[in-house]
Amino acid sequence: MKYHFNDIETKWQKYWAKNQTFKALNPPVSGVLKNAPKFYVLDMFPYPSGAGLHVGHPLGYIASDIYARYKRHKGFNVLHPMGYDSFGLPAEQYAIQTGQHPAKTTEENIATYRRQMDQIGFSFDWNREVRTSEPDYYKHTQWIFIQLFESYYCLDTDKAQPILKLINRFEKDGNATINAVCDEDTSLFNAAEWNTFSEVKKQEILLKYRLTYLSETKVNWCPALGTVLANDEVINGISERGGHPVEQKEMKQWSMRITAYTQRLLDGLDTIDWPQPLKDSQINWIGRSEGALVAFKILNSEFNIEVFTTRPDTIFGVSFMTFAPEHELVDKITTSDYSDAVAAYKKVTAKRSERERMADVKTISGQFTGAYAEHPFTGEKIPIWIGDYVLAGYGTGAVMAVPCGDQRDYDFAKYFDIPIPNIFKDIDISEYACEDKQAIITNSDFISDMPAKKAIKRMIYELGQRGIGAGKINYRLRDAVFSRQRYWGEPFPVYYKDGMPQMIAKKHLPILLPEVEKYLPTEDGKPPLGNATQWAWDTNLNKVVNNNLITSNTIENSLNANGIYPLELNTMPGWAGSSWYFNRYMDPDNTEEFASQEALNYWKNVDLYIGGSEHATGHLLYARFWQKFLFDKGLVSVDEYVKKLINQGMILGTSAFVYRWNYESEDPQKPKKLIFVSKTKMEKVIKERKTIENSEKGALKKRISETGRIKIPQAVYNNWSNFTPIHTDIRFVNASNELDIEAFKNWREEYKEAEFVTESDGKFIVGREVEKMSKSKYNVVNPDDICHNYGADTLRMYEMFLGPLEQAKPWNTAGITGVHSFLKKLWRLYHSGDQETFYVSDQKPSDEALKTLHKTIKKVEEDIVNFSFNTSVATFMIAVNELTAQNCNKREILEPLAILIEPYAPHIAEELWEKLGHTDSIAKVPFPKFEEKYLVESTKVYPISFNGKMRFTLELSLDLSKEEIEKIVLAHKKTQKQLKGRIPKKVIVVPGKIVNLVE
RNA sequence: GCUCGAGUGGCGGAAUUGGUAGACGCGCUGGAUUCAAAAUCCAGUGGUAGCAAUAUCGUGUGGGUUCGAUUCCCACCUCGAGUACCA
């Protein structure tokens with residue numbers, strides 16, 4: 001019987017589904033797993049896009065599946081779930097274009113994903129599937145949102161506390177003595193004042209403390225997508241999805257007070273086993289810096305300006321101050337002489353987009369305001385400038401400029417001819433500022449002659465003493481915007497009364513996403529939910545009712561006689577559902593709570609999480625934040641949700657290009673013909689062009705016509721423009737980079753009439769380049785064909801064999817036959833010589849075979865533990881090669897071998913296991929035990945080296961002493977030959993390792 | 001600019017408490033089988049010189065430590081990822 005992988009794989013996939021082989025118990029109350037330790041292996045759940053899975057997706061899933069299957073063999077109760085992050089932009093964009101409801105496309109896409117995952121043979125417990133867009137799921141997302149709303153961050157206990165506690169304190173003491181995280185503009189009040197405040201005023205104040213709050217904030221607005229984006233969704237000033245420009249805009253938005261957790265998010269990193277680069281990028285993103293706040297008095301005004309500095313020790317080097325142009329004090333302090341110039345400068349910088357400012361860091365610009373501040377120690381007059389190198393959003397939006405100690409201040413001072421006083425001992429600052437903290441401070445009153453570290457300490461103390469400043473830790477991390485002006489997301493469980501947000505009680509959740517006519521913003525610019533007619537909250541009936549029942553549509557209106565109020569029109573961002581899904585898998589069918597305490601206490605956290613590093617400053621940070629919040633509330637039992645994280649590298653695609661000729665038309669009236677040129681031809685043409693450009697025009701024409709096959713319109717001779725590479729679908733390209741021209745023509749309407757310049761043999765050759773695998777680059781390879789042609793087991797092993805898991809690598813099917821024939825060889829090992837009949841002997845295996853087996857057990861187990869899956873595939877190949885050479889067909893060897901290979905190639909393993917006479921699945925059979933005794937050797941093949949270079953080998957007994965080895969080696973005739981009569985200076989013998997003779 | 005990671009045959013890659021560089025696979029060459037092909041099997045395969053035994057060079061570059069360095073240290077070059085006027 002031959003290896004019919006398709007039949008075998010379908011058979012076992014059905015078996016696993018039918019027998020619930022991978023169902024995880026919560027916790028197991030009986031059976032072999034009764035006292036088994038738990039192990040939670042998680043993959044980052046995918047967004048189900050319309051393109052389906054490509055070969056890059058399963059890489060991480062295969063790795064985690066191997067690990068999960070291995071842990072089952074090791075006797076763990078394994079939780080290995082999968083689900084879908086099913087709210088998101090692409091389904092909605094598709095809905096806008098086609099009118100198709102996003103729920104429907106999402107459903108279809110999920111079906112495709114599921115089919116593809118099933119065919120790869122993952123050991124997921126599908127009973128626990130979650131979908132973030134299902135009401136049963138987002139009901140709990142809404143509930144968690146409410147919990148955040150009902151909490152504030154207490155700095156005394158260093159955790160989230162119920163907002164009711166805060167209200168109690170306000171009633172008793174006001175807010176002056178309260179140590180809590182709040183908005184910076186929160187004003188002080190006492191208890192008496194609080195009690196006289198109106199309900200609306202009280203709510204306004206509480207919003208400044210809540211962990212999720214509504215505020216007018218500067219947001220990243222993306223006009224093309226019609227929505228705001230979080231900082232991590234904006235890359236270099238353009239949107240991560242779609243690559244559209246993003247601008248800054250003031251909008252009333254929900255935000256998450258993640259900044260309350262900055263220090264804990266940093267500290268937590270020390271307790272988890274995550275890749276260092278990923279930790280680094282979180283540390284970087286949080287951007288903690290230690291320094292001081294210093295207040296400067298602004299002369300001839302009532303204002304003080306606080307600045308943040310990491311180098312308070314350089315304060316005696318201050319020769320000017322710079323404000324961000326947008327700083328609110330700028331207009332108030334600018335003198336009349338300078339108001340026109342300042343206004344003009346502000347106008348110029350406002351026009352420059354964030355992106356331009358970033359792209360152009362070299363140009364120095366700024367404007368003097370005419371105002372001066374007073375130096376807090378010397379009393380000197382310090383000119384106040386504005387400049388766009390100072391960012392409004394960081395620190396206080398203003399800096400004390402120390403040109404001798406900061407290169408940017410230095411450049412600014414040089415450019416505008418501002419004095420650069422030197423406060424560093426024996427340091428030349430004629431060329432560059434000195435940013436070295438080792439430099440000794442001088443000309444600085446009480447901190448002169450101190451090194452920076454000491455001077456900083458002293459300065460902070462002095463600032464405190466004089467009441468003009470204090471030590472301060474500043475973070476780059478901003479609160480996260482939580483509103484999206486989109487349809488396909490979780491609705492907020494929020495309605496507005498008197499303009500203030502009100503939470504809807506838990507028992508009325510979920511608030512279902514309403515139906516809308518169209519998925520675009522309304523004509524008056526409201527988010528898509530503004531199109532819904534059933535979108536008002538009736539506080540009497542406690543249900544969603546028709547909008548026209550609202551007495552007034554404006555959320556500011558305070559007269560709502562009938563108790564019907566408008567509901568929130570924004571929806572939650574993509575990261576809402578993904579910030580807690582790992583907890584839901586623990587108890588996915590719970591209708592009352594997001595998960596039971598029992599389940600949460602049993603599974604606790606993820607033991608192994610595998611996913612891409614692109615989520616470093618998004619999902620992986622937000623989820624840690626929510627987990628810490630839930631932990632504070634006593635809702636989960638651990639405050640870090642992932643113990644160990646592995647980033648799998650991206651699988652890259654090899655894109656194919658055709659080259660479009662950009663020639664100049666002779667007659668601009670006539671439409672230009674589309675001409676594509678084959679790669680080598682194009683290269684030839686470019687070369688030709690260079691030659692031709694150097695010759696006369698007449699000669700040029702002649703040369704071209706001689707070149708022959710390039711059929712070009714006459715006009716082209718006049719202008720040899722460039723070629724534009726255009727992606728072509730790799731499905732139209734064969735292994736020798738030859739394009740199927742007909743298929744390409746039929747691909748797009750505009751290509752139908754195109755002309756193709758081929759090679760002399762009539763072939764059209766495409767260019768190749770390695771890029772990220774993506775639908776838009778048409779370089780996607782999907783796993784279906786591979787499963788069909790070679791089988792899932794081959795796909796699984798091949799993806800692992802490609803290279804180290806964490807490394808990015810281009811997809812290339814060249815080597816797949818090697819892995820496939822390995823599986824065929826493995827199959828043959830269990831069958832008799834004619835390859836037809838299953839044939840395994842119960843006789844004792846040879847020592848050699850036992851050695852091969854145990855060597856393999858040892859290496860494979862080490863490899864799995866180290867996530868070095870590529871080397872274990874090699875180990876399996878060696879084992880099978882050796883056993884084949886030994887003609888080994890002994891049960892005592894082949895049974896454990898099947899178990900060893902099961903995590904990698906589960907289908908063939910199950911089939912062989914069944915043929916070996918077992919009636920149960922192989923999935924939970926104990927992992928073979930490694931025994932050292934089979935590997936014990938009596939001799940060693942010693943490398944004999946001379947001056948460190950190996951010249952020959954010599955097999956010697958391991959019992960020999962150093963001296964005996966030395967004697968034997970020296971006496972050997974090959975040694976004599978090498979030495980040619982010379983006497984070695986030194987002989988180094990490392991028993992069991994090496995012999996080295998030094999001449 | 002800063003942070004992190006990586007440079008090894010024709011290709012993917014293996015080897016680190018410093019100890020035979022190139023495991024395993026692909027590709028390539030030759031052979032067996034076959035009417036032929038596919039599949040399969042056997043042998044060879046880092047460069048250079050040589051029929052060969054063998055010699056010699058060889059892990060991005062230059063230096064260092066060592067009996068011995070792909071592995072450790074210093075400097076540099078190249079590529080990739082992240083981040084970017086963060087005071």
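In what follows, chains carry the letters A, B, and so on, assigned in the order in which the sequence lines appear, proteins first and then strands, with residues in each chain numbered from 1.
- The side chain of R476(A) contributes an N or O atom lying less than 4.0 Å from OP1 or OP2 of A84(B).
- Nearest to the side chain of W285(A), among C24(B), A84(B), C4(B), sits A84(B).
- Separation of the P atoms belonging to A38(B) and A52(B) is 31 Å when rounded to the nearest angstrom.
- Across the C1' atoms, G44(B) and A36(B) are found 26 Å apart, a figure rounded to whole Å.
- One finds a side-chain N or O of Q807(A) lying less than 4.0 angstrom from the OP1 or OP2 phosphate oxygen of G13(B).
- Ion pairing of E882(A) with K851(A) is absent here, as no side-chain N (NZ or NE/NH1/NH2) approaches a carboxylate O to less than 4.0 Å.
- In this structure, the ring of F801(A) has its center no less than 6.0 angstrom from the ring center of F869(A).
- Comparing C86(B), G82(B), U3(B) against the side chain of D280(A) picks out U3(B) as the nearest.
- When the side-chain nitrogen and oxygen atoms of T817(A) are compared with OP1 and OP2 of G25(B), none of them lie within a distance under 4.0 Å.
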When the side chains of residues 857-865 of chain A are checked against the rest of the protein, which donor-acceptor pairs come out under 3.5 Å, sequence neighbours left out?
| residue | atom | partner | partner atom | Å |
| --- | --- | --- | --- | --- |
| K859(A) | NZ | D863(A) | OD1 | 3.1 |
| E861(A) | OE2 | Y70(A) | OH | 2.7 |
| E861(A) | OE2 | K74(A) | NZ | 2.6 |
| D863(A) | OD1 | T871(A) | OG1 | 3.2 |
| D863(A) | OD2 | T871(A) | OG1 | 3.1 |
| D863(A) | OD2 | S872(A) | N | 3.1 |

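- Y904(A) places no side-chain N or O within 3.5 Å of a backbone atom of M800(A) that could act as its donor or acceptor partner.
- Both S289(A) and P277(A) sit near RNA chain B, but only P277(A) has its closest nucleotide nearer the 5' end.
- Side-chain atoms of L620(A) and M44(A), non-hydrogen and from C-beta on, do get closer than 4.5 Å to each other.
- In the set A14(B), C24(B), A87(B), the nucleotide with an atom closest to the side chain of I878(A) is C24(B).
- Of the candidate nucleotides G82(B), U20(B), G13(B), G13(B) has the atom lying nearest to any side-chain atom of P804(A).
- Using C1' as the reference atom, U66(B) and G18(B) are 9 Å apart when rounded to the nearest Å.
- A81(B) atom C1' lies 16 Å from atom NE2 of H615(A), rounded to whole Å.
- With C85(B), C67(B), U20(B) as the choices, the nucleotide that has an atom nearest any side-chain atom of R408(A) turns out to be C85(B).
- The side chain of N284(A) contributes no N or O atom lying less than 4.0 Å from OP1 or OP2 of C2(B).
- What separates OH of Y798(A) from P of G13(B) is a distance of 10 Å, to the nearest Å.
- Between L652(A) atom CG and C79(B) atom C1' there is a gap of 14 Å when expressed in whole angstrom units.
- For R828(A), the side-chain atoms get nearest to C41(B) when compared with the rest of A21(B), G19(B), C41(B).
- Applying the Watson-Crick and G-U wobble criteria (two distances, each under 3.5 Å), C41(B) pairs with G31(B).
- In a base pair of the Watson-Crick type (N1 to N3 plus N6-O4 or O6-N4) or a G-U wobble (N1-O2 and O6-N3), with each distance short of 3.5 Å, A36(B) is matched with no nucleotide.
- Under the Watson-Crick or G-U wobble criterion, with both distances below 3.5 Å, G1(B) is paired with U83(B).
- Taking the P atoms as reference points, C11(B) lies 16 Å from U59(B), given to the whole Å.
- Side-chain atoms of K825(A) and N881(A) form a donor-acceptor pair, as typed in the model, at a separation below 3.5 Å.
- Within the nucleic acid shown, S821(A) comes within 4.0 Å of sugar-phosphate atoms alone, with no base atom in reach, counting heavy atoms only.
- In this structure, L823(A) CG and Y798(A) OH are separated by 13.5 Å, a value rounded to the nearest 0.5 Å.
- Of the candidate nucleotides C26(B), A21(B), A87(B), A87(B) has the atom nearest to the side chain of T309(A).
- Rounded to the nearest Å, the gap between the P atom of G47(B) and that of U34(B) is 34 Å.
- Annotation: of the two residues near RNA chain B, V819(A) and N996(A), the 5′-most nearest-nucleotide partner is V819(A).
- A sub-4.0 Å separation between OP1 or OP2 of U40(B) and a side-chain N or O of K824(A) is present.
- Spacing of P atoms, A14(B) relative to G22(B), comes out at 15 Å, to the nearest Å.
- Spacing of C1' atoms, G82(B) relative to A87(B), comes out at 22 Å, to the nearest Å.
- When heavy atoms are screened at a 4.0 angstrom cut-off, P810(A) is found touching no nucleic acid atom at all.
- As the counterpart of G9(B), no nucleotide is assigned, since no Watson-Crick or G-U wobble pattern has both distances under 3.5 Å.
- For the pair E806(A) CD and A81(B) C1', the interatomic distance rounds to 14 Å; values are reported in whole Å.
- Of all heavy-atom pairs spanning C404(A) and I423(A), the tightest one is SG-CG1, 3.5 Å.
- Across every strand in view, U20(B) sits unpaired, with no contact that passes the Watson-Crick or G-U test at under 3.5 angstrom.
- Base-pair partner of G68(B): not found among the strands shown (Watson-Crick or G-U wobble, both distances under 3.5 Å).
- Within the 4.0 angstrom heavy-atom criterion, no nucleotide atom of any strand lies near N474(A).
- For the pair N870(A) and G25(B), the criterion of a side-chain N or O lying under 4.0 Å from OP1 or OP2 is not met.
- Taking the side chain of V990(A) as heavy atoms from C-beta on, and the options U20(B), C85(B), G19(B), the nearest nucleotide is G19(B).
- Nucleotide U59(B) forms a pair with no other nucleotide shown, judged by Watson-Crick or G-U wobble geometry with both contacts under 3.5 Å.
- In this structure a side-chain-to-backbone donor-acceptor pair under 3.5 Å is present from Q407(A) to A433(A).
- Atom C1' of nucleotide G13(B) and atom CH2 of W811(A) are separated by 16 Å, given to the nearest angstrom.
- Taking the syn range as angles within 90° of 0, the glycosidic angle of G47(B) is outside it, so the base is anti.
- C24(B) atom C1' lies 14 Å from atom CD1 of I901(A), rounded to whole Å.
- Contact annotation: R951(A) side-chain N/O to U56(B) OP1/OP2 distance is under 4.0 Å.
- Here C24(B) presents its C1' atom at 14 Å from OH of Y904(A), a figure rounded to the nearest Å.
- Nucleotide U54(B): paired with A49(B) (Watson-Crick or G-U wobble, both distances less than 3.5 Å).
- For C73(B) and U65(B), the C1' atoms lie 7 Å apart once the distance is rounded to whole Å.
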